[in-house]
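Working notes, structure below.
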There are 2 protein chains.
Amino acid sequence: MRIGELGWATGVDVETIRYYEKAGLLPVPARQANGYRDYGDKHLERLAFIRHCRVLDLPLVEIKRLLELLSEPSAACDDVDHLIEGQLERVRTRIRSLRALERQLCVLRSCCAAPQTAAECGILHELVTSAHHEAIAINRAGR
Amino acid sequence: MRIGELGWATGVDVETIRYYEKAGLLPVPARQANGYRDYGDKHLERLAFIRHCRVLDLPLVEIKRLLELLSEPSAACDDVDHLIEGQLERVRTRIRSLRALERQLCVLRSCCAAPQTAAECGILHELVTSAHHEAIAINRAGR
DNA sequence: GTTGACCTTGTAGCGACTACAGGGTCTTTA
DNA sequence: TAAAGACCCTGTAGTCGCTACAAGGTCAAC
């Protein structure tokens with residue numbers, strides 16, 4: 001099948017497919033007589049795998065490693081554990097960080113009482129004040 | 001003060017400060033006789049503001065808008081509400097997405113029973129299977 | 001004078017795409 | 001047959017927000 005069909009089958013943009021090929025994630029495919037790329041089931045399965053890993057937010061370099069392990073059936077699979085554990089930890093850290101950010105934004109939003117001018121804006125006032133306090137704190141902490 | 005001192009006072013890297021200046025977030029500063037940038041309190045406060053907004057994960061383009069509003073005291077501040085609401089919504093969406101991702105990764109991690117080879121790896125097996133099912137689902141949904 | 005910290009401008013790179021530009025191929029329709 | 005539109009190709013550049021050089025200048029301390 002041609003690249004558009006592969007993209008249609010996997011939900012991956014054709015330009016992204018070409019990018020993955022260039023990045024070494026997808027093997028160079030055969031070509032039709034007119035120069036068009038010609039993909040088979042192997043590419044389809046491999047690209048679906050890559051996409052699934054991307055949905056899991058795994059970086060390409062780690063996806064590459066997983067693909068290597070898939071092609072080395074006798075290799076030890078502790079790398080796989082480590083990759084997934086690492087990713088899980090990153091996700092958890094990010095959730096905590098975003099939770100804190102959500103709380104801050106909620107506080108900030110509550111500074112807004114009613115439509116008014118920028119000069120009277122509670123949110124802007126709070127942003128400026130918080131920034132000022134943070135700069136002072138940095139100075140005290142010796143950054 | 002020179003750029004290093006400004007960076008020290010705000011916790012922002014000197015290269016990032018120069019980047020912000022180039023991006024139009026910071027006004028072009030005065031220069032000392034030796035060509036070094038010379039910053040005053042105005043720049044300090046402004047950069048602290050920018051940094052604080054970055055901590056809130058606001059994109060630079062929105063920070064720029066907020067800075068504009070700060071310099072137009074008579075402008076209506078509903079833009080500020082919109083920016084903060086928008087950011088809050090983005091953060092919440094991202095949290096939900098990461099939560100789902102966390103659950104997936106936990107399921108995936110539980111596929112790992114013991115150290116074994118890649119051929120027997122429960123995680124890899126699950127990744128491949130899930131990718132396959134997703135590709136089929138995409139076909140059914142007409143993507 | 002030397003050394004090391006700091007400064008300058010300009011360019012390039014990171015990660016993961018995404019969007020052209022310029023040109024070729026193929027099918028359908030008038 | 002020609003035109004139009006969809007699809008394809010390679011190569012380059014851009015997005016976002018930094019971050020890291022390269023090459024060279026400035027300054028203070030030793």
Side-chain angles (χ1 to χ4, degrees), chain A residues 1-26 28-39 43 46-47 49-67 83 86-87 90-91 94 97-98 101 143, chain B residues 1-26 28-39 43 46-47 49-67 83 86-87 90-91 94 97-98 101 143:
Chain A
M1 73 183 110
R2 293 174 314 191
I3 194 169
E5 291 165 90
L6 182 64
W8 194 87
T10 55
V12 182
D13 195 68
V14 296
E15 300 188 332
T16 305
I17 297 173
R18 282 195 282 253
Y19 169 72
Y20 287 157
E21 178 187 320
K22 191 166 180 183
L25 285 166
L26 280 178
V28 176
R31 295 281 179 153
Q32 297 173 14
N34 57 10
Y36 290 7
R37 289 172 176 79
D38 195 16
Y39 296 103
H43 272 94
R46 191 173 174 103
L47 184 58
F49 180 89
I50 294 167
R51 181 172 182 273
H52 183 58
C53 292
R54 285 300 300 133
V55 168
L56 294 175
D57 244 358
L58 281 164
L60 294 188
V61 68
E62 289 185 9
I63 296 170
K64 216 171 190 180
R65 179 67 189 132
L66 290 177
L67 288 168
L83 289 185
Q87 180 65 359
R90 281 193 294 265
V91 168
R94 187 67 181 139
S97 164
L98 284 171
L101 179 49
R143 207 192 75 190
Chain B
M1 74 185 107
R2 293 173 314 188
I3 194 169
E5 291 164 88
L6 181 63
W8 194 87
T10 55
V12 182
D13 195 66
V14 296
E15 301 186 333
T16 305
I17 297 173
R18 282 194 281 254
Y19 169 72
Y20 287 157
E21 176 187 322
K22 191 167 180 182
L25 284 166
L26 280 178
V28 177
R31 295 283 179 150
Q32 297 172 14
N34 57 10
Y36 289 7
R37 289 172 174 80
D38 195 16
Y39 296 102
H43 272 94
R46 189 173 174 101
L47 184 57
F49 181 88
I50 293 167
R51 182 174 181 273
H52 182 59
C53 291
R54 284 301 298 133
V55 167
L56 294 176
D57 244 358
L58 282 162
L60 293 190
V61 67
E62 289 185 9
I63 296 171
K64 216 170 192 180
R65 179 65 189 134
L66 290 176
L67 288 168
L83 289 184
Q87 180 65 359
R90 280 194 295 266
V91 167
R94 186 68 179 139
S97 165
L98 285 171
L101 179 49
R143 206 191 78 190

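Side chains included, hydrogens not; waters and symmetry mates left out as well; all remaining heavy atoms used. Each chain gets a letter, A, B and so on, in the order the sequences are listed, and its residues count up from 1.
For A:Arg18 and D:dC7, the shortest distance from a side-chain N or O to OP1 or OP2 is not below 4.0 Å. Side-chain nitrogen and oxygen atoms of B:Tyr20 include at least one within less than 4.0 Å of the OP1 or OP2 phosphate oxygen of D:dC18.
Contact record, A:Leu83 with A:Leu58: O-CD2, 4.3 Å, taken as the closest heavy-atom pair.
Taking the charged nitrogens against the carboxylate oxygens, B:Arg65 and B:Glu62 have no contact shorter than 4.0 Å, which rules out a salt bridge.
First and last contacts of DNA chain C with chain A, using any nucleotide atom under 4.0 Å from a protein heavy atom and ordered 5' to 3', fall at C:dA16 to C:dC26.
Under the salt bridge (Lys or Arg N to Asp or Glu O under 4.0 Å) criterion, B:Glu15 pairs with no residue, sequence neighbours left out. Listed by chain and number, the residues in a side chain to side chain contact (heavy atoms under 4.5 Å, CB included) with A:Val14 are A:Ile3, A:Arg18 (sequence neighbours excluded). The salt bridge (Lys or Arg N to Asp or Glu O under 4.0 Å) test applied to A:Arg46 returns no partner, not counting sequence neighbours. Evaluation of the side chain to side chain contact (heavy atoms under 4.5 Å, CB included) rule for B:Tyr20 yields B:Val12, B:Thr16, B:Leu25, B:Leu26, B:Leu47, B:Ile50, B:Arg54, B:Leu60 as partners, not counting sequence neighbours. In this structure A:Asp57 satisfies the side-chain hydrogen bond (donor to acceptor under 3.5 Å, both in side chains) test together with B:Arg94, sequence neighbours excluded. Taking the side-chain hydrogen bond (donor to acceptor under 3.5 Å, both in side chains) definition, one finds that A:Arg37 meets it with A:Glu21, sequence neighbours left out. Residues that satisfy the ring pair (Phe, Tyr, Trp, His ring centres under 6.0 Å) test with A:Tyr39, not counting sequence neighbours, are A:His43.
Mapping B:Pro59 and B:Glu15 onto DNA chain D by nearest heavy atom places B:Pro59 closer to the 5' end of the strand. Place B:Leu58 and A:Tyr39 on DNA chain D by their nearest nucleotides, and A:Tyr39 ends up nearer the 5' end.
Of the residues in residues 49-57 of chain A, A:Arg54 come within less than 4.0 Å of DNA chain C through at least one heavy atom, sorted by number.
Base-pairing analysis of DNA chain C finds the following stems of at least three consecutive Watson-Crick or G-U pairs, with both pairing distances under 3.5 Å: C:1-30 with D:1-30.
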What protein N or O atoms touch nucleotides 27-30 of chain D N or O atoms at under 3.5 angstrom, if any, and at what distances?
{"unit_1": "D:dC27", "atom_1": "OP1", "unit_2": "B:Asn34", "atom_2": "ND2", "d": "3.4"}

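For the pair B:Lys22 NZ and D:dC18 C1', the computed distance is 13 Å after rounding to whole Å. Atom P of nucleotide D:dG11 and atom CD of A:Glu21 are separated by 11 Å, given to the nearest angstrom.
No donor-acceptor pair closer than 3.5 Å links the side chain of B:Asp38 to the backbone N or O of B:Arg31.
Expressed to the nearest 0.5 Å, how far CD of B:Gln87 lies from SG of B:Cys53 amounts to 9.5 Å.
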